[in-house]
2 protein chains.
Amino acid sequence: MHDLIREAEALCQRAGMTLTAPRRRVLEILAASDTPMKAYDLISKAGEDGRATKPPTVYRALDFLCQLGLVHRIEQDATFVACNHAGHTQPVALFVCNSCLKATEVAYDDVAQMLESAALTRGFQLQRLVIEGRGQCQDCALAA
Amino acid sequence: MHDLIREAEALCQRAGMTLTAPRRRVLEILAASDTPMKAYDLISKAGEDGRATKPPTVYRALDFLCQLGLVHRIEQDATFVACNHAGHTQPVALFVCNSCLKATEVAYDDVAQMLESAALTRGFQLQRLVIEGRGQCQDCALAA
DNA sequence: TAATGAGTGTTATGAAATAACATAATAGGA
DNA sequence: TCCTATTATGTTATTTCATAACACTCATTA
Ligand SMILES: [Zn+2]
Ligand SMILES: [Zn+2]
Ligand SMILES: [Zn+2]
Ligand SMILES: [Zn+2]
């Protein structure tokens, strides 16, 4: 977890960016959570001493972190999750468990290529790809 | 377009459901649009004589139509598009052009299977899959 | 005819995200 | 060092997206 912050710092430097205080706080909170979080949950905790802050502060931090690949936004339910691969630019699929709400990140280069070529046969040039799944994770399947 | 409504009616009957007036109006407006629409654009047009109606009316209709596969919701930007395959239950990928905003629907059984097995190797049982792309469509590429 | 269930109308509210403008901190260049 | 441009933050207000809750209608059926 502190590794994650250190890696994030290194990544920012390489990109000529800065991991400022609000950005760092948002990333820390997300990294400490075991499930994706809503923006307003972050807003209520990302201020000084864990107090609330204002929406734009958090949304700006989230935009920044998403752009660098340090955080992923789950479009289906507008939640955010820290990336555990420290800033990959390759696309990933995010599978969210309907029971425990934990998110699993899966790389899928081959799938991306298939979709890219499927799009291309229709003349569509893919620039961004979102793949999200819902279902049941292993732990919850065993517990059931 | 009138075909689409007829097919929708048939589909509803088969499912033991009814394509009531508000549902039909919403579907008609979506089918007539060449780009995905926001819910509040529908709200402002889905009433009697093209007048505005209330949010729950439209959201209920959208929920219904999405469940039957007659309409797809694009999660990235909370828009809705009429399906031109009249109620398939198979998953599809939706590619939205960043220039003209038109949506292209692509079936992807093979991709779904790859993702399903990728998920399964991690013990994750996939129940729902969202695949959305962004990029440039053929028309816009040629126009540029 | 009562009771059920599905669907709608309506009011109000909740939740997610951004616009717009002011202020502060930072980094270069003269 | 001082000025200036840039980057980021703080703050207020607003917009956009979605649902809760409750009353009402209408068809089905016991
Ligand atoms: Zn990641
Ligand atoms: Zn689970
Ligand atoms: Zn479809
Ligand atoms: Zn286009």
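Throughout, protein chains are lettered first and strands after them, A, B, ... in sequence-line order, and every chain is numbered starting at 1.
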For [N], take OP1 and OP2 only and decide whether either is under 4.0 Å from a side-chain N or O of [X].
X     : N      : value
A:K38 : C:dA15 : no
A:Y59 : C:dT18 : no
A:Y40 : C:dA16 : no
B:R23 : C:dG7  : yes
B:T18 : C:dA6  : no
A:R73 : C:dA16 : no

May I have all residue pairs that pass side-chain hydrogen bond (donor to acceptor under 3.5 Å, both in side chains) and include part of residues 119-144 of chain A, sequence neighbours excluded? A:E75-A:R128, A:Q76-A:E132, A:D77-A:R134, A:N98-A:R134, A:Q127-B:N98, A:R128-B:Q76

Calculate the interatomic distance between [X] atom [atom1] and [N] atom [atom2]; express it in whole Å.
X     : N      : atom1 : atom2 : result
B:D41 : D:dA18 : CG    : P     : 12 Å
A:R24 : D:dA8  : CZ    : P     : 16 Å
B:I43 : D:dT19 : CD1   : C1'   : 11 Å
A:D77 : D:dC17 : CG    : C1'   : 14 Å
A:Q76 : C:dA15 : CD    : C1'   : 18 Å
A:R25 : D:dT9  : CZ    : C1'   : 11 Å
A:E75 : C:dA17 : CD    : C1'   : 13 Å
A:M17 : D:dT7  : CE    : P     : 9 Å

Measure up the B:Y59 and B:Y40 rings against each other and bin them: parallel (under 30°), tilted (30 to 60°), perpendicular (over 60°). perpendicular

Using heavy atoms and a sub-4.0 Å distance, could you list which residues of residues 62-71 of chain A are near DNA chain C? By number, please. none

Group every Ile, Leu, Val, Met, Phe, Trp and Tyr by side-chain heavy-atom contacts under 4.5 Å, then state whether A:Y108 and A:L115 land in the same group. yes

Verify the cluster assignment for A:L68 and A:V58: are they in a single hydrophobic cluster under the rule of side-chain heavy atoms below 4.5 Å apart? yes

Find which nucleotide of DNA chain C each of B:P55 and B:A21 is nearest to by heavy atoms, and output the residue with the more 5' nucleotide. B:A21

Using a cut-off of 4.0 Å on non-hydrogen atoms, how would the nucleic acid contact of A:P22 be classed: base, sugar-phosphate, or nothing? sugar-phosphate

Nearest of [options] to any side-chain atom of [X]?
X     : options                : value
A:K54 : D:dT12, C:dT8, D:dA8   : D:dT12
A:R60 : C:dA20, C:dA17, D:dT19 : C:dA20
A:A78 : C:dT10, D:dT11, C:dA16 : C:dA16
A:T57 : C:dT18, D:dG10, C:dA16 : D:dG10

Grab the two heavy atoms, one from A:F80 and one from A:C66, that are nearest each other, plus how far apart they are. CD2-SG, 4.2 Å

State, to 0.1 Å, how close A:K38 and A:T79 come at their nearest heavy-atom pair, and which atoms those are. CG-CG2, 4.1 Å

Within a reach of under 6.0 Å around CD of B:E9, are more than 12 heavy atoms found that belong to other residues, nucleotides or ligands? yes

With a 4.0 Å cut-off on N to O distance, would you call B:D63 and B:R60 a salt bridge? no

